[in-house]
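Residue numbers start at 1 and run along the sequence shown.
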Amino acid sequence: MDPAKTPLGQMLLDEITPVVMVLSTPSVEEACLKNGLSFLHMLTPFSSFNNIDVPVRTASDQPYRLQKFKLRLYYASAVRKPDLEVAKEHLRQVITEAGEKQFSELSLDTPEINHVLENYQSGNAPSWLHFFNKELIRAVSFSEHETFDHPVACLLAVSSKDEQPINRFIDLFNTNKLPSLLNDGMMDPKILKHYLLVHDNQDGLADRATKILTEMRSTFGTSDCALLCINSSTDAPVKHEENPWASYLWQNSDGSPGQHLGFFLNTDDITMIKDLMQDFSSKHIIPSMEQKIRVLNQQVSATRKGFRNQIKNLWWRKGKEDGTDSANGPMYGFSSTESQIRVLGDYAFMLKDYELALSNYRLISTDYKLDKAWKRYAGVQEMMGLAYFMLDQSRKEAEYCMENAFTTYLKLGSSGQQNATRCGLWWIEMLKARDLYKEAAPIYFRICGEDILHSAVMLEQASYCYSSKPSMLRKFGFHLVLSGDRYNKCDQIKHAIRTYRSALSVFSRTTWSHIKDHVHFHIGQWYASLGMCDVAVKHMLEILACGHQSKTTQELFLSDFLQIVQKTGQTFEVSRLQLPVINTSSLKVVFEDHRTFGSASAANTRESLWRSLEEEIIPSFSSTKSNWLELQSKLISKEYRESNVCVAGEAVKVNVEFKNPLQIPIPVSGVTLICKHFPSAVEVKSDENISRRENDNAGKCEELTACRDMCSENSFLASEVDFLLRGGETTMVQLSVTPREEGTLEVIGVRWKLLGSIVGFHDFDFNHVKKNTLKGKGKGKRSTNEILKFLVIKSIPKLQGSIHPFPDKAHVGDLWHLVLELRNPSEFPVKNLKMKISHPRFLNIGNQESMKSELPACLMKKVDSVPSGANANPFNKSDTVFMFPEGTTVQGATPFAWPLWFRAAFPGKISLYISIYYEIGDISSVIKYRVLRLQYNLQVLPSLDVSFQISPSSLRLQEFLVRMDVVNKTASEDFLVNQLSSIGSNWEISLLQPADTIFPSKSLKAGQAVSCFLTLKNCRSLLAAKDNISLVPKPVKNDIILVPQGSEDSVYDVSSEPLVNFHHYEKQQQELQHEAQGDLNTVDFVLISRPLQSNSDAGFVGPPVVMSHYACHCSTASTGPISWLLDGPRTLHHNFSASFCEINLKMLLHNSSDATAFVRITTSDSAVNGGHLNSANTAVSESSSDDQGGWRHVTPVNEVKVTSNISGTQPETPLSLGSVSPYIWSGSSSTKIRLESMSSAEIPLQICMFSPGIYDLSNYVLHWNLLLAEGQGDQDEMRRQSGKCVGYTYYLTVLQST
């Protein structure tokens, strides 16, 4: 790295160079002003030399050649320390002018981050910032503690027109006109003087000037005098192709912007000026500086160098460190040793002898430190750092010296602030030259100072350091925001906008929402203050959806936005307006083709559910026939074959979700769909659609709006919705568009007006649109451009349907009589109606005759009624599809009504789905059939819970003891239990206790539970024929009135419609739950009740007069298909002293299955085992052969619990008898019998007792096997084709007779 080629090296070559003090007469200035230049400005472009090639020999004997050299020219009046306030005002003016220029070149679009980084890569700031830094450095020029700003020569210029030119030269260097630094003794007044005679060729020939030059040489010396002739062009102004003064235009405060420079200076004049300045530099200034360096070096060597001189100097300065600190320390005149050493060092630095300069800076640095001349010490440290840099040696030493100088300046307070700024800028450039941009950025922050505008510029430059590779975008943007904030405080609005916009390019791609809102909000405010409200609105729109901000901030943003909009006095149209937020992913399209919907809830139901429900009612066509989709493809063009189909006059609905991200309410008005309609004859190619979507957003909005306004009155009608979105509220808005004519309808987006001032447009993102329906399996996948595109066909009939009065709430078991009402407003009839219901347990289709039926009268049992096992609907062709009577049509204003029965089957939130199929009477229609879809939602609350426990009777065969438990599970409802019935003619029931003892309060209160006992008798013929031919059922008593005041006349007929129909579906459902298929030993119960009083809660349509509760598949055969009964005496007396006692018993067997059974009865005698009776289970166990016998503890009758578990475990009781067996089975120990299906048999048994006592005769086992025919029974029955049952408990008491 060549330090001289770095930005800092170039800056040092421009700023630390010899200064020439210029003194001129008014006549000289007048002659130069003809060219729009002052005398100094005319010479300045020619005072810089890139290849002067002058040999230089300073303190050493080895000369070197100087290539680049520059002179700084100053008028004598400018050789002084600048006024601080004037300098600040000048810097403010520089910043303001730069802001105007930069803002005029600023694009209105947010810059891309890549473009910003390219502009400021490697810390390259805008050009005006370099100029600003130079002005900051020049603001501390001509300091008394530094000598590189002291003039090394004086150029005196007198015009040939002046009177007595020699005297004028003498008068120019009058002490009264010299700078104060010369008069105060801070600068050596004995400087090189060069006398220049200026002749204006427009004033005449140069003869007089030649005579004056001769006189000057005789007075001031031949080598120190020169003649300069200017304005040689007298005929016409000269236009210079490369104007040498163009780069110095900013210095010309006298010329106007339109004035041209150097008009009367021809090529000869410019050549003479160049030669003059080169001779002045190479033959006068450089030799003079060489001479002075050699003289000063000899003096310093004689007085300060060497060990002896150093000891003397330290001894002389001893004790000065105890003195008080001061900014400048003691006064140093130009003749003092310290000043001479500093001059030596600065002269050597300006002549690029950096080694000599560094050695003298080191020498004087110690003296200033001992003298506590801190400002001079800091200045020397600063120059040492620059010398190290230019020597490209010891980078650490260079940075240490700059750090030391910087901190020393800052310690001096306000007097050293400007010098600290200059030192910091040089230090920063030193780090940048070594690619240490990240280390340079904090120094900008340190030199900010208290001046806000100064801080703004420094922070902006610090941000550019973070843009260098590798870039630190967060810090880059953060420092730009800090800079812009300070620009704003100084009323530099245009600079603030520029920095904030650059920061926006960083934050726009991040998730830092708060800082993005801050940047957009202030940019909008600043643009509005400049009167650029259009651009301000654009930025304010970006912060409207600021849900992450506080409520106060949101109100501030919204109020400022409205104020800016009101200033414009116009309505803005914005594409993809962020407020409110539109959730495109939840977008849902509802349209009706062959599928129509009776409610919004039906349209929102999954299509798969409807398809599964409608599989049986939609006809399946053979391959030779055409369905409606195939027919449609033949009638329309191929381009629209895959389009959605809608009907003219029927609305296409789009559900759009609007969300208010704010905490404050916002009004939204005029919400409508943006659509396009094309007649049937017009075809729009997909390429045109694509090209239209690629247009810019603003043009798109205008096109769509214009199209909608032209077509809305004739081709389609779009709805408009107004609503208020509360804070944080999300609402689903249904928008509709109704096509009026055939053709093609395309839904493009949505339009709305916010706050009455902003019109928002939002194009739907087709990749996220959800549809409510799925087309047929054979239909191909549509392109995204076709999702919201519809083929509009001519108007066809549409069936409208409703069920009334449909309840919103019900209790389990509620029974209602409803009416299905269908209407067809079209002139064409619909026919061939079919209906299917998703939950037949809830809805049952009645007969036309029951249209006028009234509850409960229609359910009462008639005197002449004949019991029936089922009562099927004559119009039902299956359990699922209902066919309306042949010839049924719906047309015109007269509604078509059909009765329905409703029963709440189970608790919960229930959705009922109903599909009604009908065919179109108009044969010219593309669509031949349609389906009306209805959905109803209701909440079913718990009411009564009914359960049954059945145990076989120990007294009679085919009789059972039943326990019924009824629980009222409501919290406030009372019910009146009317009737309990068994379904069918095979079972007879009767109460074991009076009805008034079951319900003492005549009703079942809320939360109350009641139990009652019944007897159940199987009335199926025990002598049925083997071929299972059913006999004519005999009247049986299968109804029990549970209401005390009830009469036999008020009995509900459970075999009538609709009770029998609901029983059918309940039985099907509970059959799956109980797995009781094919079991003939089951009984079904229905409990009839009603509420005691009407429910006043909302949702109940009225008090139901009937409630039915079904309990199906209650099994009576828990031990298997074989039932039996041991019959005989229970108590007898016998004289055991005479003989043992023989007792005859009999066992009744019944086969309740449909197969032949083989039964084997195995008995076992009693035995003594350790003085205890074995349990019944143990008696029949394969591992035990002990017999039971002797006295047995008998549980009291009132403690017997009825249970369905027949084979319970018996408690063990101690045995008090001896080892003699108390009884034996005297008959065969094993008896076999064949028992046909549905038949009974009687087997005799005998037992011998040897002692009195109470005996349990349950020590026998029944083994059975079923002989199933081929293909008979299912897998479960195969598992139950054999089994074993233990004996029932049978107590026999034998007493000793007297």
Does [X] [atom1] have over 12 foreign heavy atoms under 6.0 Å away?
X: Q993; atom1: CD; result: yes
X: K653; atom1: NZ; result: no
X: K798; atom1: NZ; result: yes

- Ring geometry between F884 and F896 (parallel below 30°, tilted from 30 to 60°, perpendicular above 60°):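 The rings of F896 and F884 stand perpendicular, inter-plane angle above 60°.
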- Item | Parallel, tilted or perpendicular, as decided by the 30° and 60° cut-offs, for the rings of F975 and H811 |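 Rings of H811 and F975: perpendicular, over 60°.
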Can you see whether [X] engages [Y] through a side-chain donor-acceptor pair at a distance of less than 3.5 angstrom?
X: H1063; Y: D1084; value: yes
X: T605; Y: Q935; value: yes
X: S981; Y: N1038; value: no
X: D965; Y: S1011; value: yes

- Query: Out of F902, F842, W816, which one pairs with F806 under the ring pair (Phe, Tyr, Trp, His ring centres under 6.0 Å) rule?
  - Reply: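 The single option meeting the ring pair (Phe, Tyr, Trp, His ring centres under 6.0 Å) with F806 is F902.
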Contact check, side chains of [X] and [Y], non-hydrogen atoms, under 4.5 Å:
X: Q800; Y: N824; value: no
X: K1037; Y: S990; value: no
X: R841; Y: E1066; value: yes
X: T889; Y: V830; value: no

Ignoring hydrogens, what is the shortest heavy-atom contact between [X] and [Y]? Give both atom names and the distance.
X: E607; Y: R933; answer: OE1-NH1, 3.0 Å
X: K861; Y: D1053; answer: CA-CB, 3.6 Å
X: S911; Y: N937; answer: OG-OD1, 2.7 Å
X: L932; Y: L822; answer: CD2-CD2, 4.2 Å

Check: [X] ring centroid to [Y] ring centroid under 6.0 Å:
X: F1062; Y: Y1110; answer: no
X: F948; Y: F1085; answer: yes
X: F658; Y: F723; answer: yes
X: Y913; Y: Y936; answer: no

- Item | Between OG on residue S915 and CD on residue E615, distance to nearest 0.5 Å |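 Result: 11.5 Å between the selected atoms.
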